[in-house]
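Take a look at the structure below.
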Amino acid sequence: MKRTIAWAAALALLPGLAQAGLEICNGTGERQSVSIGYKSGEDWVSEGWWNIAPGECAEPVTGALTNRYYYYRATSAGQEFAGDGYTFCTQSDAYTIVGDADCEARGYQSADFAVIDTGETAKSHSHRIEAAAPAGKQSAVKGKSGSSAADTARVLRSGLAQGQHGEPYSDRLIFQGCDFFDGFEACTFVGNGWKFYAGYDDPTPRAFLAQFETLPLNSLVAVTGDLFA
């Protein structure tokens with residue numbers, strides 16, 4: 001999925017992610033039991049469980065990431081997990097299960113997982129689990145790209161006022177480089193299953209985006225801007 005954005009008030013360069021690996025952080029007020037799913041060669045594999053206390057992080061995948069997409073499921077008392085329709089096999093005890101088919105026939109449970117898009121070139125990624133607004137007596141647990149890094153940041157300002165070019169937007173995204181895309185010169189960022197394009201002079205100032213040309217790939221940035229078609 002793609003979106004176009006104009007960097008408005010500011011863009012902060014945050015301290016880098018871990019050198020490699022997939023980190024999952026618990027931004028809810030409850031302990032989360034987390035399972036992950038991923039492609040390993042020709043097989044789909046699911047693993048669990050990582051018990052993550054509120055405000056803490058775990059690293060289910062270590063070393064340089066080899067897949068763009070990973071999948072996770074987070075459960076806790078009184079919360080209903082909102083998956084994205086990706087089914088993996090699980091069980092209540094600690095497990096590593098090869099294969100995502102015939103779960104019940106093999107003595108496992110079939111469970112719904114959500115997708116994590118780490119981007120096209122990321123070797124490391126941090127994903128934050130957050131609790132959405134309550135629905136009835138339960139809350140749906142959702143994920144959001146984030147970082148456990150300190151707040152120290154270098155702030156860049158484009159000179160644009162937020163709200164002039166589209167829907168105001170703020171988030172933390174992963175920088176993936178600047179290049180030409182079908183004749184369109186832009187810098188790209190990924191997060192929450194979306195790819196964002198910030199075009200040179202469209203309307204982000206060229207001099208502002210030029211500062212990213214020497215920024216290391218997969219740098220984490222906190223952005224404030226406007227989404228537009």
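Counting begins at 1 with the first residue of the sequence. All heavy atoms count here, side chains included; hydrogens, waters and symmetry mates do not.
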If you measure from [atom1] on [X] to [atom2] on [Y], what distance do you get to the nearest 0.5 Å?
{"X": "Thr188", "Y": "Gln176", "atom1": "OG1", "atom2": "CD", "answer": "5.5 Å"}
{"X": "Ile24", "Y": "Glu59", "atom1": "CD1", "atom2": "CD", "answer": "10.0 Å"}
{"X": "Phe208", "Y": "Asp201", "atom1": "CZ", "atom2": "CG", "answer": "13.0 Å"}
{"X": "Gln32", "Y": "Asn51", "atom1": "CD", "atom2": "CG", "answer": "10.0 Å"}
{"X": "Cys57", "Y": "Arg128", "atom1": "SG", "atom2": "CZ", "answer": "8.0 Å"}
{"X": "Glu185", "Y": "Cys178", "atom1": "CD", "atom2": "SG", "answer": "8.0 Å"}

So, do [X] and [Y] sit near enough that their side-chain heavy atoms are less than 4.5 Å apart?
{"X": "Leu227", "Y": "Phe196", "value": "yes"}
{"X": "Asn67", "Y": "Val61", "value": "no"}
{"X": "Gln109", "Y": "Gln91", "value": "yes"}
{"X": "Leu160", "Y": "Pro205", "value": "yes"}

Quiz prompt | Donor + acceptor pair across side chains of Ser35, Tyr95 (<3.5 Å) | solution =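 Distance-only check passes for Ser35 and Tyr95.
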For [X] and [Y], which heavy atoms make the closest approach, and how far apart are they?
{"X": "Leu22", "Y": "Pro60", "value": "O-CD, 3.1 Å"}
{"X": "Ser126", "Y": "Cys25", "value": "OG-SG, 4.0 Å"}
{"X": "Asp84", "Y": "Val115", "value": "OD2-N, 2.9 Å"}
{"X": "Val45", "Y": "Glu47", "value": "CG1-CG, 4.2 Å"}
{"X": "Trp50", "Y": "Ala58", "value": "CD1-CB, 4.1 Å"}
{"X": "Ser76", "Y": "Arg31", "value": "CB-O, 3.0 Å"}

In terms of the angle between their ring planes, are [X] and [Y] parallel, tilted or perpendicular, with boundaries placed at 30° and 60°?
{"X": "Tyr70", "Y": "Tyr38", "answer": "tilted"}
{"X": "Phe212", "Y": "Phe189", "answer": "perpendicular"}
{"X": "Tyr71", "Y": "Tyr86", "answer": "tilted"}

Practice problem: Using the side-chain contact (heavy atoms from CB on, under 4.5 Å) rule, take Phe88 and Ile97 through it: C-alpha gap first, then chi angles, then the decisive distance, then the call. | Solution: CA-CA 9 Å; Phe88 286 88; Ile97 300 173; over 6 Å; no
Quiz item: Does a salt bridge link Arg68 with Asp117, judged by any charged N lying under 4.0 Å from a carboxylate O?
Solution: yes
Quiz item: Are Trp44 and Ile116 linked, directly or through other ILVMFWY residues, by side chains that come within less than 4.5 angstrom of each other?
Solution: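 Trp44 and Ile116: separate clusters.
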Practice problem: Give a yes or no answer on whether the side chain of Asn26 reaches the backbone of Gly55 with a donor-acceptor pair at less than 3.5 Å. | Solution: no
Exercise. Using the side-chain contact (heavy atoms from CB on, under 4.5 Å) rule, take Ile129 and Val34 through it: C-alpha gap first, then chi angles, then the decisive distance, then the call.
Key: CA-CA 10 Å; Ile129 301 170; Val34 175; 3.8 Å; yes
